[in-house]
Amino acid sequence: LSTKKDLTRVIQSVLKFGDEKQKAIIFDGLKDGILELSKHDYSYFLVIKMLKYGTKEQRAFIINKFYGKVSSLMKHKAASFVVECAYVDYCNSDQKKALLEEFYGPEFSLFKSGEKKTLK
């Protein structure tokens, strides 16, 4: 249902104007289908609104769903916009690093390092 044009706009309005309880109910109902929603022509706007109006934990959950699938999502027209929006506007430095490593190829995703390297 959340892939229909009119319904996605209604849900986006609830995310924008609703209270925290309503937003949490919507997020819990849609969180398992984040990747599929990101690929659909109308519902990718819904994922972007979930990133914009969601809590910090909800944003982290959505971004974590992208891990392991960044290269395939970037090949898709709508999903690439969602990943770009998440990367530019909502990712912290560690999340940006992880998404970049994964984007650049399988050897980066296999050899991810959590440590920070400096010249000192």
Do [X] and [Y] have side chains that get closer than 4.5 Å, going by heavy atoms?
X: Ser80; Y: Leu73; value: no
X: His40; Y: Thr8; value: no
X: Leu30; Y: Leu37; value: yes
X: Leu35; Y: Phe66; value: yes

**Prompt:** Should the heavy atoms of other residues, nucleotides or ligands under 6.0 Å from NZ of Lys96 be counted, would the total exceed 12?
**Reply:**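 More than 12 within 6.0 Å, yes.
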
**Request:** Return yes if some donor-acceptor pair links the side-chain N/O of Glu101 with the main-chain N/O of Ala98 below 3.5 Å, else return no.
**Result:**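 No, because the side chain of Glu101 does not come within donor-acceptor range (under 3.5 Å) of the backbone of Ala98.
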
Margin query: Quick one: does any side-chain atom of Ser43 pair with a main-chain N or O of Leu46 as donor and acceptor, under 3.5 Å?
Written below: no

Salt bridge (Lys or Arg N to Asp or Glu O under 4.0 Å) pairs touching residues 54-71, sequence neighbours excluded, are none

So the salt bridge (Lys or Arg N to Asp or Glu O under 4.0 Å) pairs with at least one residue in residues 9-20 (sequence neighbours excluded) are Glu20-Lys23

Value rounded to 0.5 Å, distance of [atom1] in [X] from [atom2] in [Y]:
X: Met50; Y: Gln12; atom1: CE; atom2: CD; value: 11.0 Å
X: Phe45; Y: Lys5; atom1: CZ; atom2: NZ; value: 9.5 Å
X: His76; Y: Ser71; atom1: NE2; atom2: OG; value: 14.0 Å
X: Ile34; Y: Gln58; atom1: CD1; atom2: CD; value: 9.5 Å

According to side chain to side chain contact (heavy atoms under 4.5 Å, CB included), who are the partners of [X], at least two apart in sequence or on a separate chain?
X: Asp41; answer: none
X: Tyr44; answer: Ile48, Ala78, Phe81, Val82
X: Lys31; answer: Phe27, Asp28, Phe61
X: Val10; answer: none

When hydrophobic residues are tied together by side-chain contacts of less than 4.5 Å, even through go-betweens, does Leu15 share a cluster with Ile25? no

message = Starting from Tyr67, can I reach Val88 by hopping between I/L/V/M/F/W/Y residues whose side chains sit under 4.5 Å apart?
response = yes

Check: Hey, mind stepping through Asp89 and Leu51 against side chain to side chain contact (heavy atoms under 4.5 Å, CB included) and telling me if it holds?
Finding: CA-CA 9 Å; Asp89 296 332; Leu51 285 166; over 6 Å; no

Evaluate the criterion side chain to side chain contact (heavy atoms under 4.5 Å, CB included) for residue pair Leu7 and Tyr42; output intermediate values, then yes/no. CA-CA 9 Å; Leu7 185 59; Tyr42 300 115; over 6 Å; no

